[in-house]
Q: 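Right, I'll just put the structure down here and ask away after.
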Amino acid sequence: MDIWSTLNDTFLDWGSMKEVLPEMLKVGLLNTLVLAASSVVLGTLLGMVVAVMALSRKRWLRWPAKIYTDVFRGLPAILTILLIGQGLSPITRHWWGPNPYPLGILALSLIAAAYIGEIFRSGIQSVEKGQLEAARALGFTYPAGMRLVVIPQGVRRVLPALVNQFIALVKESSLVYFLGLLASQRELFRIGQDAAATNGNLSPLLLAGIFYLVITVPLTHLVNHFDKRLREGRPTDESRADDVVREELAHADHR
Amino acid sequence: MQTTVEAASLDVEGVELAFGSNKVLRGVDLAVPAGRTACVIGPSGSGKSTLLRAINRLLEPDAGDVRLAGESVLRSNPDELRRRIGMVFQHFNLFPHKTVLENITLPLRKIKKLGPDEARTAALAQLELVGLGNKAAARPGTLSGGQQQRVAIARALAMKPEVMLFDEATSALDPELVKGVLGLMADLAQAGMTMVVVTHEMGFAREVADQVAFMDHGVVVESGVPEQLFTAAESPRLRLFLSQVL
Ligand SMILES: Nc1ncnc2c1ncn2[C@@H]1O[C@H](COP(=O)(O)OP(=O)(O)OP(=O)(O)O)[C@@H](O)[C@H]1O
Ligand SMILES: [Mg+2]
């Protein structure tokens with residue numbers, strides 16, 4: 001048996017790729033992006049709430065946040081998605097019919113919020129105590145000091161981890177297929193899988209994989225960019241350091 | 001420098017403060033008339049920073065009272081109180097995610113509710129007064145320590161405080177940058193600000209302070225005019241301290 005031709009038939013059947021391409025672009029890519037983007041937005045908002053609760057000085061806010069985080073980080077994503085997506089659908093059916101997207105997005109967001117909450121919490125906690133103290137000394141209330149001074153700095157520090165979480169969401173969005181999708185609701189993975197079954201080879205799935213990479217690889221590079229900027233700081237002008245000292249001395253002399 | 005200083009008197013009376021079982025302030029008394037400068041000196045851990053934080057209620061005193069312009073600060077809203085008391089820290093604590101100008105306009109806009117143009121004008125004027133008008137657009141991180149501390153002073157002054165608290169404002173600076181910041185503080189004292197200055201700079205205390213208070217183990221052990229304190233110290237603890245730092 002010719003290994004090369006077997007692999008070629010399995011993965012590089014251009015015909016079946018070409019056939020599924022329009023659907024993958026128009027239906028699959030769009031649905032994956034909708035799923036991922038909505039979960040990113042909702043998960044980030046929820047995650048910020050969880051982080052602020054976890055950092056609260058009030059125990060009745062801290063504990064629910066901690067339990068929430070433990071539960072949603074501790075369960076397999078697929079289990080959470082099935083429990084929420086199927087479990088709640090008899091209730092939500094009355095509002096938006098059997099469409100699995102709202103519940104799928106909710107489940108993905110709840111899972112993401114547990115991770116994102118921890119990311120935000122660690123970032124916010126890493127901001128020096130003096131920052132909040134300086135804000136409060138100026139007259140900012142605790143919430144205003146957190147919102148205007150501490151949280152923006154904390155978030156900046158965890159941007160790389162946050163983007164990693166977004167990448168995970170893009171990939172995890174494929175799990176909603178377990179909830180059962182109508183033809184028009186299929187995302188990249190499901191379209192790839194269906195076409196693979198019909199054609200009897202895996203080329204359409206390979207194509208789906210390429211689409212995932214098209215989304216995730218730029219995000220990976222964004223992570224690296226943030227990482228680098230955080231490590232190196234903003235570029236500074238070497239020569240300015242000398243000016244600073246000279247100017248400082250001039251200022252001192254002048255008294 | 002600053003032309004319009006509206007300073008208030010500050011009276012600390014029997015202030016006590018403990019962290020758990022660690023009694024850090026054990027009845028501190030300090031009276032600073034309006035427009036005067038008090039320097040607080042003393043060994044590490046004697047409670048100097050804690051005293052400043054008790055004055056503006058970043059820490060709540062357990063007992064005693066603090067009066068600003070004769071009125072107890074314990075009765076007012078702490079957030080509103082702090083708007084009347086400026087504070088400068090050892091490590092500047094500028095907001096690194098904002099430009100120098102934004103560091104000053106942020107509290108003006110959000111707390112004093114000034115419009116953008118008004119806040120900008122006020123902030124630029126204050127920056128000019130500390131000699132850094134040309135650094136408005138820079139990030140704090142690109143400035144020298146001395147420049148950062150001058151921005152921190154400008155940020156506090158822009159709020160038009162009635163009292164200024166300085167907690168070792170020059171301790172984190174390279175030696176050649178100390179003079180500029182001390183000069184600025186001396187100018188401010190000259191302009192009539194009420195100031196409480198925690199410092200290790202004995203030269204500054206001697207030349208600028210109207211009174212010097214020596215703290216040890218959570219109490220003011222001895223206080224008086226600098227001349228008397230530095231040349232005719234009564235308590236053995238102060239004499240020992242001075243022999244170590246002078
Ligand atoms: N937030 C805090 N929690 C618990 N203990 C504290 C806290 N802040 C200060 N202390 C304790 O209070 C005591 C006095 O501290 P403080 O910072 O007021 O001293 P200081 O005179 O400013 O010293 P230094 O010259 O080193 O700055 C120290 O024993 C310190 O450990
Ligand atoms: Mg101190």
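First the proteins, then the strands, lettered A, B, ... as listed; each starts at 1. Just so you know, these numbers come straight off a predicted model, no measurement behind them.
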Q: Quick one: which of B:Leu94, B:Val178, B:Asp174 has the most heavy-atom pairs under 4.5 Å with chain A, could you say?
A: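 Most heavy-atom pairs under 4.5 Å with chain A: B:Leu94.
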Q: Give, as side chain, backbone, both or neither, the part of A:Ala144 having an atom under 4.5 angstrom from any heavy atom of chain B.
A: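 Neither the backbone nor the side chain of A:Ala144 comes within 4.5 Å of chain B.
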Q: Any chance CD of B:Glu71 has more than 12 other-residue heavy atoms, nucleotides or ligands included, within less than 6.0 Å?
A: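 Atom CD in B:Glu71 is not packed in, count stays at 12 or less.
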Q: Any non-hydrogen side-chain atom of B:Met87 less than 4.5 Å from a side-chain atom of A:Glu133?
A: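 B:Met87 vs A:Glu133: side chains apart.
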Q: Hey, is CZ on B:Arg120 packed in by over 12 heavy atoms from elsewhere, all under 6.0 Å?
A: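 No, not enclosed.
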Q: Measure B:Arg155 against the heavy atoms of chain A and call it side chain, backbone, both or neither at under 4.5 Å.
A: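 Backbone plus side chain of B:Arg155, per the 4.5 Å heavy-atom cut-off to chain A.
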Q: Please state whether the side chain, the backbone, both or neither of B:Leu81 comes within less than 4.5 Å of a heavy atom of chain A.
A: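 No part of it gets close to chain A.
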Q: Check B:Phe95 against A:Ala134 and note the closest heavy-atom contact, atom names and distance.
A: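 Nearest heavy atoms, B:Phe95 then A:Ala134: CE2-CB, 4.2 Å.
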Q: Would you say B:Lys98 and A:Pro152 make side-chain contact, with heavy atoms under 4.5 Å?
A: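 No, too far: nothing below the 4.5 Å cut-off.
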Q: If every non-hydrogen atom of A:Gly139 is compared with every non-hydrogen atom of B:Arg83, which pair is closest and at what distance?
A: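 Heavy atoms of A:Gly139 and B:Arg83 come nearest at O-NH2, 2.9 Å.
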Q: Quick check on B:Leu165 against chain A: is it the side chain, the backbone, both or neither that has a heavy atom closer than 4.5 Å?
A: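 B:Leu165 has no heavy atom closer than 4.5 Å to chain A.
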Q: Examine whether an atom of B:His97 lies under 4.5 Å from a heavy atom of chain A, and if so say whether it belongs to the side chain, the backbone or both; otherwise answer neither.
A: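 B:His97 touches chain A through backbone and side-chain heavy atoms alike.
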Q: What is the distance from atom CD1 of B:Ile111 to atom CZ of A:Phe140, rounded to the nearest 0.5 Å?
A: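 Here the interatomic distance stands at 4.0 Å.
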Q: Counting only non-hydrogen atoms closer than 4.5 Å, does A:Glu128 touch chain B with its backbone (N, CA, C, O), its side chain (CB onward), both, or neither?
A: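 No part of A:Glu128 comes within 4.5 Å of chain B.
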Q: For A:Gly130, does its backbone N or O pair with a side-chain atom of B:Asn93 as donor and acceptor, under 3.5 Å?
A: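 Looks like yes, one N/O pair under 3.5 Å.
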Q: Under 6.0 Å from the CH2 atom of A:Trp96, do we count more than 12 heavy atoms belonging to anything else shown?
A: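 Count over threshold, so yes.
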Q: Do side-chain atoms of B:Arg82 reach the backbone of A:Leu138 as a donor and acceptor pair under 3.5 angstrom?
A: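 Absent.
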